[in-house]
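Down below is the structure, laid out as structure tokens.
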Amino acid sequence: GAGVSQSPSNKVTEKGKDVELRCDPISGHTALYWYRQSLGQGLEFLIYFQGNSAPDKSGLPSDRFSAERTGGSVSTLTIQRTQQEDSAVYLCASSYRTDNGYTFGSGTRLTVV
Amino acid sequence: LAKTTQPISMDSYEGQEVNITCSHNNIATNDYITWYQQFPSQGPRFIIQGYKTKVTNEVASLFIPADRKSSTLSLPRVSLSDTAVYYCLVGEKNYGQNFVFGPGTRLSVLP
């Protein structure tokens with residue numbers, strides 16, 4: 001597709017359940033990022049993938065959070081044993097070069113009840 | 001990563017020019033300055049990027065003084081649809097750098 005696609009767009013889950021969020025980056029973009037945005041707040045960096053290099057996981061808030069990127073394309077962010085404080089919009093972005101910055105998806109709004 | 005400071009909010013009227021200034025006193029030699037725009041319920045959108053002096057595109061202009069310790073995003077003749085949050089980021093232009101997004105500037109354009 002022409003843009004970064006994220007699914008689902010909305011997810012409501014019960015506290016303690018696991019969730020998976022998916023990101024389809026722009027074809028050919030080797031870099032992929034996950035950010036989290038709580039209501040009315042700025043973006044919080046979570047994890048960054050670059051080609052075949054080991055991902056930069058320095059932003060993951062706890063070991064309940066993990067992410068994979070298969071075949072250098074699609075990425076899945078997994079949150080285990082969700083907590084209410086995990087409620088936020090999870091944004092994925094991809095880039096080829098920073099000449100034009102990142103391209104963001106529309107995000108997945110996660111609500112933990 | 002260089003820390004940035006920008007106003008939390010600004011108001012303007014339709015048709016006016018809006019200038020949003022960002023301070024980045026500890027910017028490094030290899031750092032570029034990038035601005036993003038975010039509308040509610042959407043991901044941020046790249047607006048403009050520069051290293052020094054002035055950069056202009058179809059959306060905005062970016063003014064960077066010689067010491068590069070600040071930068072100003074200029075939006076000409078804003079409309080109601082320019083109401084958004086604007087983020088200033090500073091980091092290396094190596095592709096893949098994980099820029100840090102601060103709280104941004106919430107611009108409200110009034111009729």
Side-chain angles (χ1 to χ4, degrees), chain A residues 2-6 9-10 21 23-26 28-60 67 69 72 88-109, chain B residues 1-9 20 22 24 28 30-51 55-60 62 71 73 83-108:
Chain A
V4 176
S5 178
Q6 292 188 245
S9 55
N10 282 284
L21 313 179
C23 173
D24 282 272
I26 292 174
H29 281 193
T30 56
L32 185 148
Y33 320 79
W34 284 97
Y35 286 85
R36 177 170 72 173
Q37 187 170 35
S38 301
L39 186 64
Q41 302 298 309
L43 279 74
E44 175 188 4
F45 166 75
L46 296 177
I47 188 169
Y48 152 56
F49 296 89
Q50 173 53 56
N52 296 320
S53 302
D56 176 356
K57 304 179 181 180
S58 59
L60 295 179
R69 188 177 185 194
V89 176
Y90 289 80
L91 290 158
C92 175
S94 70
S95 71
Y96 175 63
R97 298 185 185 279
T98 56
D99 305 63
N100 291 308
Y102 303 175
T103 301
F104 279 86
S106 295
T108 294
R109 181 175 300 277
Chain B
L1 296 172
K3 179 179 172 59
T4 61
T5 303
Q6 44 181 135
I8 293 298
S9 64
I20 306 174
C22 179
H24 28 81
N30 295 331
D31 287 345
Y32 281 72
I33 300 149
T34 311
W35 286 80
Y36 284 81
Q37 174 191 58
Q38 185 178 28
F39 297 115
S41 302
Q42 295 186 23
R45 181 176 73 100
F46 171 90
I47 302 176
I48 197 166
Q49 183 178 73
Y51 184 81
V55 180
T56 297
N57 62 22
E58 66 277 7
V59 176
L62 179 60
S71 59
L73 174 72
T83 294
V85 178
Y86 292 82
Y87 297 96
C88 166
L89 291 82
V90 173
E92 291 189 24
K93 201 182 180 184
N94 298 321
Y95 77 101
Q97 186 68 30
N98 53 326
F99 292 124
V100 175
F101 285 77
T105 297
R106 185 173 299 276
L107 173 66
S108 298

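Just so we're on the same page: letters track the sequence lines, and every chain starts at 1.
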Would you confirm whether A:Y35, through its side chain, and B:G43, through its main-chain N or O, come within 3.5 Å as a donor-acceptor pair?
no

Honestly, the part of A:L91 sitting under 4.5 Å from a heavy atom of chain B is side chain

Looking only at heavy atoms, which two atoms of B:F101 and A:F104 are closest? And how far apart?
CZ-CZ, 3.7 Å

Would you mind telling me which of B:Q42, B:Q38, B:R45 has the largest number of heavy-atom pairs within less than 4.5 Å of chain A?
B:Q38

Which atoms of A:Q37 approach chain B - backbone, side chain, both or neither, heavy atom under 4.5 Å:
side chain

